[in-house]
Amino acid sequence: MSVQISLCLLPLLFLSFSSLFFFNVSSLCLNDQKSSLLAFKNDLKFDASLSTKLVGWNQSVECCDWGGVTCNESGHVIGLDLRYENINGGVSSSHLKGLNKLQFLNLGYNLLTGNLPKSLFTLQSIQDINLSNNRLSGQIKLDNVTSYQLRNLDLSSNIFEGEIPSFVFKLPNISTLTLSGNKFSGNVELDMFGKFKELYALDLSYNDLTVNVNANNPSSFSLLTQLNTLKLASCKLKQIPDLKNHSKLLMIDLSVNELSGEIPNWIWEVGNGYLRFLNFSNNMFSGLQKPYTFPFLLDVLDLHSNNLKGDIPIPPRRVYILDYSNNKFGTSIPVDFGNVLRSTLYFSVSNCKLVGVIPESIRNASSLRTLDLSRNVLTGPIPLIGNMKDLKTLDLSVNMLSGKIPEQLTNLTSLSFLNVSFNHLSGKIPEKFQTFTELSFEGNKGLCGPPLKKSC
Ligand SMILES: *[C@@H]1O[C@H](CO)[C@@H](O)[C@H](O)[C@H]1NC(C)=O
Ligand SMILES: *[C@@H]1O[C@H](CO)[C@@H](O)[C@H](O)[C@H]1NC(C)=O
Ligand SMILES: *[C@@H]1O[C@H](CO)[C@@H](O)[C@H](O)[C@H]1NC(C)=O
Ligand SMILES: *[C@@H]1O[C@H](CO)[C@@H](O)[C@H](O)[C@H]1NC(C)=O
Ligand SMILES: *[C@@H]1O[C@H](CO)[C@@H](O)[C@H](O)[C@H]1NC(C)=O
Ligand SMILES: *[C@@H]1O[C@H](CO)[C@@H](O)[C@H](O)[C@H]1NC(C)=O
Ligand SMILES: *[C@@H]1O[C@H](CO)[C@@H](O)[C@H](O)[C@H]1NC(C)=O
Ligand SMILES: *[C@@H]1O[C@H](CO)[C@@H](O)[C@H](O)[C@H]1NC(C)=O
Ligand SMILES: *[C@@H]1O[C@H](CO)[C@@H](O)[C@H](O)[C@H]1NC(C)=O
Ligand SMILES: *[C@@H]1O[C@H](CO)[C@@H](O)[C@H](O)[C@H]1NC(C)=O
């Protein structure tokens with residue numbers, strides 16, 4: 001017994017020793033680093049009333065303990081995390097020089113304006129630069145990059161324009177490149193990224209880019225064996241890149257493109273069967289190539305707004321988010337469908353031309369928070385789903401459902417949105433549902449009682 005206890009305490013002891021150790025270390029603030037930081041701060045414009053870190057940078061505290069500052073063991077500043085500091089205006093170059101040991105810099109979610117602060121890219125040790133969610137703008141012309149160790153570059157959600165800056169293609173060790181949500185334009189050959197052997201994540205989504213895929217094998221893009229995340233939403237893609245050899249790819253977003261035909265069945269084997277996230281929504285896919293087996297670990301499957309026809313694909317059992325809405329299946333929901341949705345939180349097949357009844361098995365999808373079967377041609381009664389204790393949104397509107405609203409539904413204690421409008425329902429609305437408005441029940445000739453004006 002006593003042996004067990006001391007074994008349990010061991011990690012705790014270790015933890016407290018190491019935090020003691022780090023505490024001592026953090027007092028090692030080098031004078032030149034401190035003055036560089038203070039000069040950097042004086043150069044920045046920020047709203048002191050909204051700042052939580054910069055505002056507290058002052059002489060009475062050791063600089064390695066300042067908010068957002070990370071020092072290494074000999075007191076050099078190696079990291080600055082100044083997200084959400086309400087910094088506005090530009091970043092001037094003069095005082096960054098003193099911070100030339102900097103490895104990580106995050107200025108995300110500020111109000112930076114002007115062009116890309118070029119001096120950041122001459123810091124010799126810099127590995128991570130994150131300028132996401134600012135108001136930086138203009139074309140990026142950077143011919144003097146010396147930060148060849150750069151691994152992670154995030155320029156997303158700014159107003160940059162022009163072509164994808166050529167300097168990024170000169171960064172041999174780039175691992176994460178996030179350029180989404182800008183106004184970059186022009187044609188981009190996906191193969192140009194094929195030389196980044198270390199590339200882990202690429203996000204070019206939501207620009208004005210046209211991304212071209214090399215149809216001929218071998219494509220150099222398929223040599224990116226480390227790739228984990230590929231996001232090319234809204235890139236005018238006409239073809240799915242060849243991803244067969246990307247054995248570590250877990251997350252694919254090719255939504256809002258011009259992809260058509262069948263979804264090839266090899267896609268489900270990407271990542272050696274470990275694919276977790278697939279978003280092919282807002283394309284023109286007509287179906288899924290058979291035979292197909294969804295990867296077991298897939299937990300987000302978004303195929304909404306395509307032209308999918310025929311049988312509704314049976315999802316893998318772990319799926320959390322399943323969006324099949326705005327398609328043209330024209331079939332009925334398989335009898336056992338609810339039994340595979342036991343861990344699903346979000347399920348929508350709205351506007352899919354579905355016919356037939358809602359299967360009773362749906363009550364086994366008891367983790368659901370959103371169930372949207374609206375805008376189909378579903379018939380029969382509303383199923384007894386009073387057991388879905390987390391259900392917040394239930395939309396069954398614009399169908400041909402008949403019978404009464406089951407009293408059991410009032411058991412849905414989390415329900416905050418209900419819509420059964422435009423069906424063929426009849427009878428008295430359960431009293432507990434009087435908290436919803438008329439708009440939840442309109443267009444059912446046989447329904448009566450409050451909140452409707454028609455009395456029973
Ligand atoms: C220095 O910053 C600390 C918080 O980091 C604050 O409590 C203190 O009042 C500041 N001192 C001065 C002189 O501004
Ligand atoms: C801290 O960083 C500086 C500059 O990169 C380096 O010279 C020094 O060796 C580092 N110290 C430790 C303990 O890693
Ligand atoms: C950049 O910072 C933002 C804000 O914290 C974060 O959401 C984003 O993931 C970061 N980018 C990278 C590539 O780590
Ligand atoms: C490039 O940077 C070096 C050192 O920072 C500087 O001396 C040189 O003038 C710069 N060249 C251009 C074209 O800006
Ligand atoms: C790129 O990474 C490799 C391996 O980590 C390293 O040896 C090399 O020095 C890096 N290149 C640059 C320019 O930083
Ligand atoms: C994909 O990998 C296989 C075997 O690992 C290899 O034979 C093939 O050439 C690779 N394809 C491409 C396009 O690189
Ligand atoms: C899939 O992409 C669409 C369009 O880009 C987006 O609106 C949707 O939220 C994405 N789905 C998921 C589950 O992230
Ligand atoms: C619901 O799940 C249980 C097992 O948990 C099963 O016995 C039952 O048949 C399922 N209900 C329907 C209607 O499929
Ligand atoms: C209604 O909810 C109660 C308590 O959560 C539960 O015991 C009961 O079985 C539920 N009734 C139905 C019909 O689901
Ligand atoms: C329910 O759906 C109908 C038809 O789309 C719509 O007119 C009505 O406003 C919706 N009700 C609510 C509460 O959103």
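Counting from 1, the numbers follow the sequence of the chain as shown. Quick note: numbers below take in every heavy atom, side chains included, and nothing from hydrogens, waters or symmetry partners. One-based numbering, in listed order, for ligands and for the atoms of each.
- D208 and K183 are not joined by a salt bridge, as no carboxylate oxygen comes within less than 4.0 angstrom of a charged side-chain nitrogen.
- The aromatic rings of F347 and Y324 sit perpendicular to each other, their planes meeting at more than 60°, with 30° as the lower class boundary.
- Heavy atoms only, all atoms of each residue included: F46 and V55 are closest at CE1-N, 4.1 Å.
- Polar contact check, N419 against ligand 10: a nitrogen or oxygen pair lies under 3.5 Å apart.
- Taken together, the cysteine pair C71 and C64 places its SG atoms within less than 2.5 Å of each other.
- Contact analysis leaves N152 out of contact with ligand 3, as no non-hydrogen atom separation drops below 4.0 angstrom.
- Side chains of D203 and T178: a donor-acceptor N/O pair is absent below 3.5 angstrom, by distance only.
- With a heavy-atom cut-off of 4.0 Å, N106 touches ligand 3 through its side chain alone.
- We find that K392 and D390 are not joined by a salt bridge, their nearest charged nitrogen and carboxylate oxygen being 4.0 Å or further apart.
- Between the side chain of D253 and the backbone N or O of S255, at least one donor-acceptor pair lies under 3.5 Å.
- Residue contact check: N130 has heavy atoms under 4.0 Å from atoms 1 (C), 2 (O), 3 (C), 8 (C), 10 (C), 11 (N), 12 (C) of ligand 3.
- For ligand 3, the atoms sitting less than 4.0 Å from at least one non-hydrogen atom of T176 are 13 (C), numbered in the order shown with element in parentheses.
- Counting the atoms of ligand 3 from 1 in the order shown, those under 4.0 Å from a heavy atom of R83 are 4 (C), 5 (O).
- Taking a heavy-atom cut-off of under 4.0 Å, ligand 2 is surrounded by N72, E73, S74, H76, K101.
- Without hydrogens or angle criteria, K389 side chain to G386 main chain gives no donor-acceptor distance under 3.5 Å.
- Under a 4.0 Å criterion applied to the non-hydrogen atoms of S132, ligand 3 contributes the atoms 1 (C), 2 (O), 3 (C).
- Between F184 and F160, the ring planes lie parallel to each other; the angle is under 30°, not in the 30° to 60° tilted range.
- Every atom of ligand 10 is numbered from 1 in the order shown, and the set under 4.0 Å from a heavy atom of R375 is 4 (C), 5 (O).
- Summarising the geometry of V168 relative to F196, their closest heavy-atom pair is O-CZ, 3.2 Å, with the distance given to 0.1 Å.
- At least one heavy atom of F417 sits closer than 4.0 Å to an atom of ligand 10.
- At a heavy-atom distance under 4.0 Å, no atom of T437 approaches ligand 10.
- Using a 4.0 Å cut-off between heavy atoms, L439 contacts ligand 10 through both its backbone and its side chain.
- Close contacts of ligand 10 with S397, meaning ligand atoms under 4.0 Å from a residue heavy atom, involve 2 (O).
- Against a heavy-atom cut-off of under 4.0 Å, V398 is close to the following atoms of ligand 10: 4 (C).
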Side-chain donor-acceptor contacts of residues 349-360 below 3.5 Å, not counting sequence neighbours, with atom names and distances?
residue: S350; atom: OG; partner: S374; partner atom: O; Å: 3.4
residue: S350; atom: OG; partner: S374; partner atom: OG; Å: 2.9
residue: N351; atom: ND2; partner: N326; partner atom: OD1; Å: 2.8

